[in-house]
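Encoded as structure tokens, the structure appears first; notes follow it.
Basis for what follows: all heavy atoms, side chains included, without hydrogens, waters or symmetry-related copies. Worth saying up front: this structure is predicted, and the values here are computed from it rather than measured.
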Amino acid sequence: MSFPLLTATAALPAIGAIATAAVPAAKRTAAKWLALLFSLATLALAVTVLVRFDPDGDRYQLTESHSWIADFGVRYELGVDGIGVALIALTALLMPFIVLAGWHDADPLETGSRRWRPTQGFFALILAVEAMVIISFAATDVFLFYIFFEAMLIPMYFLIGGFGDRAHKDGEEKAATQRSYAAVKFLLYNLAGGLIMLAAVIGLYAVAGNFSLTEIAQARANGELEMATSTERWLFLGFFFAFAVKAPLWPLHTWLPNAMQESTAPVAVLITAVVDKVGTFAMLRFCLQLFPEASKWATPVILVLAVISIIYGALLAVGQRDIKRLIAYASISHFGFIVMGIFAMTSQGQSGATLYMVNHGISTAVLMLIAGFLISRRGSRLIADFGGVQKVAPVLAGTFLIGGLATLSLPGLAPFVSEFLVLVGTFTRYPVIGIIATFGIVLAALYTLVLYQRTMTGPVKPEVATMPDLRVREIAVVAPLVVLLVFLGVYPKPVTDIVNPAVKQTLSDVQKKDPQPEVEAAK
């Protein structure tokens, strides 16, 4: 039997979570180093997965299949295509930086406080989320995917509700109330989506007789499994609803600003750069592959919702006074681009959407982590409480600017390539949708540059006059991510070479081809 590489990649952070949680309470520093060690070891395994994956080989590689709940046809089946490999690599890459950035976020509060922040629990929960996300990107059994799709809500609930940031001016009691509200809202929204998806999973089993993604898709392609049109559409809606909540897509997005506002910066990155990607990934893997006709049927409505997300998220970002809420609404706008690229049903659109998932994860990590360092220094999330930071902390201001420019998709930085591909791919099939979506770029420039101007330029406010610049640990967190933003902005080929074959196979599932350009005959 070959080495179960995918299982090992997911199991390692799970083992790390258990080991970190078991560290004695007084050994907080040991728990931190142990979590960092396991995250780096997981990254090494993810790199191995990336190296062993052959973009020109079989659609699903490194496959594993074992009987699990035989009476119900549930199997432990794993396999990755190019899209899954790219997102596993993104998850494993970001995790060491999330651990380093949150190095002191779960330390005990100041002397005299009755509240103790369990450091071991904080890092154990982060590793647990990593394990569940990796399994979700690799699962090819629908029921197995569903279990971990829902299970990751539990550690995320405790990370949001139990480990909020300390930039509250209204006292610990009100801060705890707001964290609890954000955590409960996150949980209820996602549980509602998950319960609807569970009904659709059961319905799929009733129709297909098993939960294997590859077997069901193959049977559908060969004409061996027929679904009534109404049945397929209802099943599609059940899956898509859950994924749209997780993504998040307007109007199912309202949990995200609260969750990101009340979380620590590393947990906010975990939410939007890692966990939310499961939703958009699942649209590609499950919605399009299992329900191709229903996907085409729903495309016009989904594209309208995506465009609303783009414009709505950007408009609300412009008016925000809270730095974290601004980044949250910007992410809603960016997820609109991703969903639009997926359902444009073109190779450029879907390649751009997949690339956007990767690039958005990196750019949001840079911007949010720098924002977290900034907020922890000032003790406030309000934009109005800053000013003139670039004069006292130039490195912090410079990296914040790079993160902001990546957010507005400046040419030369990674998100530009993916956003350009999404717009081109959409315009070739749906020109009106593509034109409206471009206004999101203008609004992105507005909210990003206004944020930088109000926080970093102008007179130095007395409260920030003694603000320290980035420390060595903080530079170690953001510098590699900034380098990656520039590298993928100039040379995205390593990622596109991996994802493009999977995108072509996804288009084949829905029996779509790229529109042919209309060329006027030469006279």
Side-chain angles (χ1 to χ4, degrees), residues 43-44 46-51 53 55 80-98 100-101 133 137 269-270 272-274 276-277 280-281 284 327 330-331 333-335 337-338 340-342 347-370 398-425 440-441 444-445 448 475-503:
L43 175 58
V47 170
T48 305
V49 170
L50 192 62
V51 170
F53 182 81
V80 286
D81 59 2
I83 300 170
V85 163
L87 293 176
I88 288 174
L90 171 69
T91 302
L93 171 70
L94 291 179
M95 212 54 59
F97 301 114
I98 289 173
L100 271 177
V133 169
F137 288 141
V269 172
L270 190 62
T272 191
V274 177
D276 287 353
K277 298 299 188 302
T280 48
F281 162 80
L284 279 165
I327 298 173
S331 290
S333 181
H334 296 149
F335 275 104
F337 277 107
I338 294 171
M340 185 178 74
I342 291 171
S347 59
Q348 299 98 328
Q350 291 188 355
S351 292
T354 306
L355 189 60
Y356 213 139
M357 292 186 225
V358 175
N359 292 338
H360 173 264
I362 300 169
S363 62
T364 298
V366 172
L367 186 61
M368 179 58 82
L369 293 178
I370 291 294
T399 50
F400 191 77
L401 178 61
I402 294 172
L405 294 176
T407 297
L408 64 82
S409 298
L410 183 77
L413 296 176
F416 169 77
V417 181
S418 45
E419 195 166 283
F420 178 79
L421 285 173
V422 166
L423 289 171
V424 169
I441 301 175
T448 299
I475 292 174
V477 169
V478 297
L481 296 176
V482 169
V483 171
L484 201 55
L485 279 178
V486 176
F487 175 78
L488 292 179
V490 176
Y491 190 65
K493 190 174 183 294
V495 180
T496 57
D497 283 350
I498 292 173
V499 304
N500 281 345
V503 164

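No side-chain heavy atom of V422 sits under 4.5 Å from any side-chain heavy atom of I338. Between M95 and L270 there is a side-chain heavy-atom pair separated by less than 4.5 Å. Between T91 and F137 the shortest side-chain heavy-atom distance falls below 4.5 Å. Using a 4.5 Å cut-off on side-chain heavy atoms (C-beta onward), F420 and S409 make no contact. Two residues are said to be in side-chain contact when any heavy atoms from C-beta on lie closer than 4.5 Å; L421 and Y356 fail this criterion. Proximity of L423 to I441: side-chain heavy atoms (C-beta onward) are separated by under 4.5 Å at one or more points.
Shortest non-hydrogen contact noted between P411 and F416 is CA-CG, 3.6 Å. The minimum heavy-atom distance between I362 and L481, with the atom names listed, is CG2-O, 3.7 Å. Nearest heavy atom pair, residue L43 against residue P96, reads CD2-CG, 4.4 Å. Residues L94 and G361 approach most closely at CD1-O, 3.9 Å, considering heavy atoms. Heavy-atom minimum distance, G403 versus V366: CA-CG1, 3.8 Å.
Interatomic distance, CG of L488 versus CG of L355, reported as 7.5 Å (0.5 Å rounding). Note: F337 CZ to E419 CD = 4.0 Å, rounded to the nearest 0.5 Å. We find the OG-CG distance between S363 and L405 to be 11.5 Å, quoted to the nearest 0.5 Å. Interatomic distance, T496 OG1 to Q348 CD, rounded to the nearest 0.5 Å: 12.5 Å. Of the inter-residue distances, the one linking I402 atom CD1 with L485 atom CG reads 8.5 Å to the nearest 0.5 angstrom. Between L367 atom CG and F400 atom CZ the span is 5.0 Å, to the nearest 0.5 Å.
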Would you be so kind as to tabulate the donor-acceptor pairs closer than 3.5 Å made by side chains of residues 83-90, with sequence neighbours excluded?
none

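Under the side-chain contact (heavy atoms from CB on, under 4.5 Å) criterion, P55 pairs with F53, I498, P501, sequence neighbours left out.
Between the side chain of N359 and the backbone N or O of A414 there is at least one donor-acceptor pair closer than 3.5 Å.
When each of H360, H334, M368 is checked for a side-chain contact (heavy atoms from CB on, under 4.5 Å) with T272, only H360 meets the rule.
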